[in-house]
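This report refers to the structure that appears directly beneath it.
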Amino acid sequence: MTNATIANEPSAAASAAENPAATIPALRLDRVSYSYTKGGKKVLDGRSHDFQPGMVPALTGPSGAGKTTLLSRLSGLAVPTEGRVLYHGNDLAKTDRYRYRSHDIGVIFQSFNLLPALTVAENIILSMDASGKTFDRPKTQIAKELIAKVRLRPEYADERILHLSGGEQQRVAIARALSYDPSIILADEPTGNLDLGTQNDIMAIFRSLAHDEGRCVIIVTHSPEVAAQSDEVYELAKLL
Ligand SMILES: Nc1ncnc2c1ncn2[C@@H]1O[C@H](COP(=O)(O)OP(=O)(O)OP(=O)(O)O)[C@@H](O)[C@H]1O
């Protein structure tokens with residue numbers, strides 16, 4: 001089975017020529033295979049790929065191709081049955097994956113996974129607390145800055161999640177994922193439940209996080225429109 005990788009034109013800011021750090025992949029797949037049961041059918045078969053900082057790669061492919069399976073290996077939730085996932089050159093199987101997950105990557109889901117009875121600021125601050133990281137500014141101040149970064153008005157800080165629209169909740173989910181300043185964002189169908197205009201707004205935020213701040217923002221998507229707005233399409237074909 002072939003790996004079909006189609007690179008769109010990356011932005012000038014993201015190009016390796018202008019950004020020397022782009023030569024060191026944020027995440028590298030090194031011949032990654034995965035089977036859910038010992039000796040069972042492989043869902044991933046010998047995948048190798050580099051995900052660069054400053055880029056928005058889209059992970060695409062038909063249902064059952066293994067996109068979510070690959071995302072959980074990239075997130076350090078589980079390790080490959082063969083091969084390695086390297087974070088800035090370090091094998092995740094040999095590193096403290098709890099620390100990696102609580103400091104270095106932020107995860108965003110289609111269903112947002114926010115706590116509905118809490119306010120926007122409380123959801124963001126809870127995530128900062130859970131990370132165990134120390135911060136150089138008051139957490140309430142950082143939460144305000146993140147709310148502005150995802151293009152919500154300041155008064156949203158004290159609004160309960162259950163009063164927000166889907167698009168607003170996804171902005172909060174992005175702010176929460178950014179709360180401990182990870183260098184990698186993993187998003188599983190982040191625009192799946194949103195209308196086209198909101199989808200474009202969310203993609204603009206992702207591009208800014210990558211192109212202006214140097215993060216690697218990996219998006220799983222079924223949407224050709226979303227894939228077209230990414231910097232690179234990494235396509236998984238379903239294994240027979
Ligand atoms: N926990 C599990 N145990 C056994 N098989 C699993 C498990 N999770 C997924 N699979 C199988 O692995 C294959 C890939 O599933 P995965 O969810 O990664 O695909 P996907 O590309 O994300 O699909 P979709 O686009 O429908 O979400 C499927 O055949 C699925 O049935």
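Numbering of ligands and ligand atoms starts at 1, following listing order.
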Write out the residue and atom name of the closest protein heavy atom to [atom], then the distance separating them to 0.1 Å.
atom: atom 23 (O) of ligand 1; value: Gly64 N, 2.9 Å
atom: atom 10 (N) of ligand 1; value: Tyr36 CE1, 3.3 Å
atom: atom 17 (O) of ligand 1; value: Thr68 CB, 3.8 Å
atom: atom 19 (O) of ligand 1; value: Gly66 N, 3.2 Å

Which atoms of ligand 1 sit under 4.0 Å from any heavy atom of [X]?
X: Thr69; value: 14 (C), 15 (O), 16 (P), 18 (O)
X: Pro62; value: 21 (O)
X: Lys67; value: 18 (O), 19 (O), 20 (P), 21 (O), 22 (O), 23 (O), 24 (P), 25 (O)

Note, Arg47 side chain near Arg31 side chain (heavy atom, < 4.5 Å): no
Any side-chain heavy-atom pair of Leu126 and Leu115 under 4.5 Å: yes
Donor-acceptor under 3.5 Å (Asn123 side chain, Thr119 main chain): yes
Under 3.5 Å: donor-acceptor pair, side chain of Ser183, backbone of Arg215: no
Ring centroid separation Tyr100 to Tyr98 under 6.0 Å: no
Contact (N/O only, under 3.5 Å) between His222 and ligand 1: yes
In one Ile/Leu/Val/Met/Phe/Trp/Tyr side-chain cluster, 4.5 Å: Ile108, Met55: no
Atom 31 (O) of ligand 1 protein-contacted, heavy-atom criterion under 4.0 angstrom: no
Exercise check, heavy-atom protein proximity under 4.0 Å to atom 14 (C) of ligand 1: yes
Val43, portion touching ligand 1 at heavy-atom distance under 4.0 Å: side chain
Option of least heavy-atom distance to atom 26 (O) of ligand 1 (set: Ala65, Gly40, Ser63, Gly61): Ser63
Criterion side-chain contact (heavy atoms from CB on, under 4.5 Å) on Glu145 and Arg137, from CA distance to verdict: CA-CA 11 Å; Glu145 292 165 11; Arg137 301 187 309 293; 2.5 Å; yes
NZ or CZ of Arg73 within 45° of Tyr34 ring axis and under 6.0 Å: yes
